[in-house]
S.K.: 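Quick one: this structure, given as structure tokens, is what I'll be asking you about.
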Amino acid sequence: MSEQNYDVVIVGAGVSGALIAKELGQAGKKVLILEAGRDGQGSYEDYLERFYMAQAKVPESPYTPPIVDADNNGFQSPSNPSNQAAGRPSTLTLSQNTWQDRNRSYLDQQGPLAFASTYERVGGGTMRHWLGTSLRFVPNDFRLKSEYGVAEDWPIDYDDLEPWYGKAEAAIGIAADVADQDYLGITFPDDYQYPMPAIPSSLVDQTVSAGVEKMPPVDGVQLTVTNTPAGRNSIPYQNRRVCAGNTNCIPICPIQAKYDPTVTLYEALQYPTVSIMYQTVASEVVVDANGQVSAIKYLQYDDPNGGVTGSGSVSATRYVLAAHAIETPRLLLMSTNGGRTPNGVANSSGHVGEHLMDHPIYLSWALAPTQLFGYRGPLSTAGIEDLRDGSFRSERAAFRIEIGNEGWNFPIGDPATTTLDYIVGANVSQTNAGSKSFFGDSLTSRLNFVLTRQFRLGFLVEQTPDDDCRVTLSPEWKDSLGLPRPRIEYNFSDYTKLGFVAAKQTATAIYNAMGAKEYTRQPTAADVGSDPTVFAITVDANGNPVPDGQAAPAGSTTDYFRFYGAGHTVGTYRMGTSPADSVVNPEQRSWDHPNLFLVGSGVFPTVATGNPTLTLAALALWAAETILSDLG
Amino acid sequence: MSTVLTQATTSELDDFVNLSAILTGIAASMLKPFLDTHGTAQTYLDIAKQKGGAALTELMAVYDANRTQPPANIGTIILEQSGDTVAYMAKSIMLLWYLACWYDPQELAAYRADPTNGARFTVVSSDAYTQGWVWRVGQTHPMGYSTWSFGYWHQPPQPLSAFIGGGNSK
């Protein structure tokens, strides 16, 4: 099959692709979306059923293809990505035993650390399992180099993006109060209002807030708890219900009160000129002799665990790759055009796949001195944003602090772990000294005591864009379509690691101010090098990092940290001001191929200090306007 | 004409529910409510029979022999004085009620000896997941199954007794 007459072909039906398709469809443009995964429509009940039955309720658990297979006893274990047509990474393959088992892990992980975030390949994309956090970046996020001499500046600034933030907030449907959000230089137009009133703060938020108000300043900053802007409904919006506090935004909101991109996708598909092909994996971006993209080749499959059943190519006036920050560089690097583009398409800079980033999370947890009733409300309703910017950024990574409403579910898999402790007689939770077992009223009262006092803080640390973090193609490992799987190299700079040191100190200070008892379980030296989610950092008496392999001077201290992925995959085709050191220009247009746009969080030069979704959605809307202008 | 509902029970199911109440600390009337639309008690009894076999028979025999004792004594006899077969079968049943998951008794014994590798289990059903008692002991709802309204999380929940009854082991 070969179709020639599209205005725009979009690869990927996630939030960027859906937003662009809708804008173009509204303008009457003929659009085709190629989506590697299956349609999400009509399968919501299947998603919920798969979530409820999952033995590990990880972010990917509801979606397709299933990330696990069951043995004869019903025990689930990671499925083999070599057998999958459109596989994806899984949180289940980050352990010492699985992260480099390529018959379990979709990613060909090279280390030295594990890339710990995952994504979806399904209609609606990775935002199917997003939390809903919709923070604007702070102005200094766009000028880390010029303000602090670190990493890169963006080629655009906050003021450039501000109008697009507003449009993205309307498109997604954000609940927040402007009065809470104008910190650290964030500005809004006069009389601006978010589309919906803020989501009420949880009792956890209120308890943490009362504690931090009593704290002395941290790095010269008085901490405050701030309500988090959220892509979830506080009033009916876009024909969807209000949040009922299912405490399950990740992996799936059972009532779709949380926005997901199928909302926009299905609106886009209402336009007669917009169409989509599911189970259609883009396999090559074809470039002609003039440096223009002339087609996108694709492969199709019927069985998610089967091989190629169809193929073809499509042509258009403009092309948009919106396949997220690992699959987009994978596609570009696969596109060698019979040897004419041996380094892939859009890659004259050599930066396609480079500077892979995330917000590695420092996770800490504690028991409050009074009941604060976690496991209620949305997963998170507030955070501490004050340490997203400050002069410390010249020395160490900034972070935001996310306050969790789900007890110790994230840190230790509760409430199951503590329940097992008290019934079986173990002490995995560390709250059952003596490993006693209980029954009757003593069981309910002890469990109630712990569960209603549990809370956690997640520190989203700003990782620097580094040369030793990249996506390439696995020379050995393929999917069932025969396409090479992504190969990942990943590590942290000392600057990033020093952010963890500050995060740990800040967490402990907050717990002390609250009178809470901390239970954060730190790894040890023995875990470094064996557990791929553990690293060490040694600092001297002046707080400066001691390089690896160098003897630590007297007075040095070493910390060991476990990190978690935030799902914020960023930076692998960054935007910049020069074709020599960036992949796209400030319009998100390939420097090399003017009719090719690369959108999504891969364009971010730095990961910044806010969750990326709102910013990438704003950028997608901006790109749509540019494409419309191109098309005339 | 009104419809009068009568509850069909068996002594076997009643015994299972009454023993479960002693072990879990949750009122028998809540484990098996009069209008039992989920049928969870019967489901769990069936699983315990199928998976536990002779161990369940042994457990129920211990219960039957001591049923006139105070509940706290019954729990102690079952969990501490009747051997591992009875004790771990009882723990498997407690975990059914709390987590809606089946943990084999041998799996639990191994977990107690060394929890490093976790304990394997299966989820009974999506319906059972939504009826897990651990959530109610935490004065909340199962993650992914709230029957409450917008904003409830801004205020404290009802007292524990509203979730699990007055307790059964006194």
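Just so it is clear, the structure is predicted and the values come from calculations on it, not from any experiment. Within every chain, numbering begins at 1; the chains are lettered A, B, ... in the order of the sequence lines, protein sequences first and strands thereafter.
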S.K.: Sort B:Tyr98 into side chain, backbone, both or neither according to what part of it lies under 4.5 angstrom from a heavy atom of chain A.
M.R.: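 Only the side chain of B:Tyr98 comes within 4.5 Å of chain A.
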S.K.: Tell me, for A:Phe373 versus chain B, whether the close heavy atoms (under 4.5 Å) come from the side chain, the backbone, both or neither.
M.R.: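 Contact with chain B is through the side chain of A:Phe373 alone.
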S.K.: Measure distances from B:Phe163 to the heavy atoms of chain A and classify the residue's part below 4.5 Å as side chain, backbone, both or neither.
M.R.: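 Contact with chain A: none, neither part.
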S.K.: Identify which part of B:Trp135 has an atom lying under 4.5 Å from any heavy atom of chain A, answering side chain, backbone, both or neither.
M.R.: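 The answer is the side chain of B:Trp135.
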S.K.: Side chain from CB out, backbone as N, CA, C, O: work out which of these in B:Leu160 comes under 4.5 Å of a heavy atom of chain A, or both, or neither.
M.R.: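 Only the side chain of B:Leu160 comes within 4.5 Å of chain A.
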S.K.: Heavy-atom pairs under 4.5 Å with chain B - which of A:Gln371, A:Lys57, A:Glu406 has more of them than the others?
M.R.: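 Counting heavy-atom pairs under 4.5 Å, the top option is A:Lys57.
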S.K.: Hey, does B:Gln139 have a side-chain heavy atom less than 4.5 Å from the side chain of A:Leu451?
M.R.: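 No, side chains not in contact.
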S.K.: Could you tell me the separation between the CZ atom of B:Arg112 and the CG atom of A:Asp421, rounded to the nearest 0.5 Å?
M.R.: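 These two atoms lie 11.0 Å from each other.
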S.K.: Roughly how far, to the nearest 0.5 Å, is the OG1 atom of A:Thr419 from the CG atom of B:Leu99?
M.R.: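 So the gap between those two atoms works out to 5.0 Å.
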S.K.: Relative to chain B, which of A:Pro251, A:Ala54, A:Ser435, A:Ser234 shows the most heavy atom pairs under 4.5 Å?
M.R.: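 The candidate making the most pairs under 4.5 Å is A:Ser234.
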S.K.: Looking only at atom types and distance, does a side-chain atom of B:Tyr152 sit under 3.5 Å from a main-chain N or O of A:Gly377, one as donor and one as acceptor?
M.R.: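 Yes, the answer is positive, given that a donor and an acceptor are paired below the 3.5 Å cut-off.
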S.K.: Identify the two heavy atoms, one from B:Ser126 and one from A:Met53, that lie closest to each other, and give their separation to 0.1 Å.
M.R.: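 In terms of heavy atoms, the two residues are closest at N-SD, 3.4 Å.
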S.K.: Just do the side-chain contact (heavy atoms from CB on, under 4.5 Å) check on B:Met143 and A:Leu379 with the steps written out, would you?
M.R.: CA-CA 10 Å; B:Met143 291 175 80; A:Leu379 282 180; 4.0 Å; yes
S.K.: Are any side-chain N or O atoms of B:Trp153 and backbone N or O atoms of A:Pro200, one a donor and one an acceptor, separated by less than 3.5 Å?
M.R.: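 Yes.
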S.K.: Heavy atoms only, distances under 4.5 angstrom: which of B:Thr130, B:Thr24, B:Val123 has the most pairs with chain A? Name it, please.
M.R.: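 Between B:Thr130, B:Thr24, B:Val123, the count favours B:Val123.
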S.K.: Can you tell me if A:Arg376 uses its side chain to pair, donor with acceptor, with the backbone of B:Gln155 under 3.5 Å?
M.R.: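 Yes.
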S.K.: Side chain of B:His141, backbone of A:Gly245: donor and acceptor closer than 3.5 Å?
M.R.: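 Present.
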S.K.: Among the options A:Ser445, A:Pro254, A:Ala416, A:Ala244, pick out the one with the most heavy-atom pairs lying under 4.5 Å from chain B.
M.R.: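 Answer, by heavy-atom pair count under 4.5 Å with chain B: A:Ala244.
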S.K.: Taking side chain as everything from C-beta outward and backbone as N, CA, C, O, which of these in B:Thr76 sits under 4.5 Å from a heavy atom of chain A? Side chain, backbone, both or neither.
M.R.: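 For B:Thr76, backbone and side chain are both near chain A.
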S.K.: Between A:Ile423 and B:Trp97, is there a side-chain heavy-atom distance shorter than 4.5 Å?
M.R.: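 No - every pair of side-chain heavy atoms lies 4.5 Å or more apart.
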S.K.: Report which part of B:Thr122 has an atom under 4.5 Å of a heavy atom belonging to chain A: side chain, backbone, both, or neither.
M.R.: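 Contact with chain A is through both the backbone and side chain of B:Thr122.
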S.K.: Can you tell if the side chain of B:Tyr103 reaches within under 4.5 Å of the side chain of A:Val424, non-hydrogen atoms only?
M.R.: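 Contact flag for B:Tyr103/A:Val424 side chains = no.
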S.K.: For chain A, which of B:Ser125, B:Pro142, B:Ser92, B:Gly151 has the most heavy-atom pairs under 4.5 Å?
M.R.: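 Option with the top pair count is B:Ser125.
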S.K.: Might you point out which heavy atoms bring B:Tyr111 and A:Val428 nearest each other, and give the distance in Å?
M.R.: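 Reported closest heavy-atom pair: OH-CG2, 3.3 Å.
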S.K.: Keeping A:Asn246 on the side-chain end and B:Tyr145 on the backbone end, is there a donor-acceptor pair under 3.5 Å?
M.R.: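 Yes, because the side chain of A:Asn246 sits within donor-acceptor range (under 3.5 Å) of the backbone of B:Tyr145.
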S.K.: Is a donor on one side and an acceptor on the other found under 3.5 Å between the side chain of A:Gln55 and the backbone of B:Phe121?
M.R.: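 Side chain of A:Gln55 to backbone of B:Phe121: a pair is present.
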S.K.: If you tally heavy-atom pairs under 4.5 Å against chain B, which of A:Cys253, A:Gly407, A:Gly374, A:Pro378 wins?
M.R.: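 Top option by heavy-atom pairs under 4.5 Å: A:Pro378.
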S.K.: Using 0.5 Å steps for rounding, measure from the CZ atom of A:Phe75 to the CD atom of B:Glu107.
M.R.: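 Output value for this atom pair is 5.5 Å.
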S.K.: So which of A:Cys249, A:Pro415, A:Gly74, A:Ser202 has the biggest tally of heavy-atom pairs under 4.5 Å with chain B?
M.R.: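 Highest number of heavy-atom pairs under 4.5 Å: A:Pro415.
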S.K.: So A:Thr452 and B:Thr140, side-chain contact (heavy atoms from CB on, under 4.5 Å) or not? Walk me through it.
M.R.: CA-CA 9 Å; A:Thr452 58; B:Thr140 184; over 6 Å; no
S.K.: Starting at CG of B:Leu108, measure out to OG of A:Ser437 and round the result to the nearest 0.5 Å.
M.R.: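 It comes to 11.5 Å.
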S.K.: So which residue, A:Ala257, A:Ser201, A:Ala426, A:Gly413, ends up with the most heavy-atom pairs under 4.5 Å with chain B?
M.R.: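 Option with the top pair count is A:Ser201.
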S.K.: With under 30° as parallel and over 60° as perpendicular, where do the rings of B:Tyr129 and A:Tyr52 fit, or are they tilted in between?
M.R.: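 Rings of B:Tyr129 and A:Tyr52: tilted, as their planes differ by 30° to 60°.
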S.K.: Please report the interatomic distance OG(B:Ser146) to CG(A:Asn248), rounded to the nearest 0.5 Å.
M.R.: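 Reported to 0.5 Å precision, the distance equals 10.5 Å.
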S.K.: State, with a plain yes or no, whether a side-chain heavy atom of B:Pro156 is found less than 4.5 Å away from one of A:Leu203.
M.R.: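 Yes, their side chains come closer than 4.5 Å.
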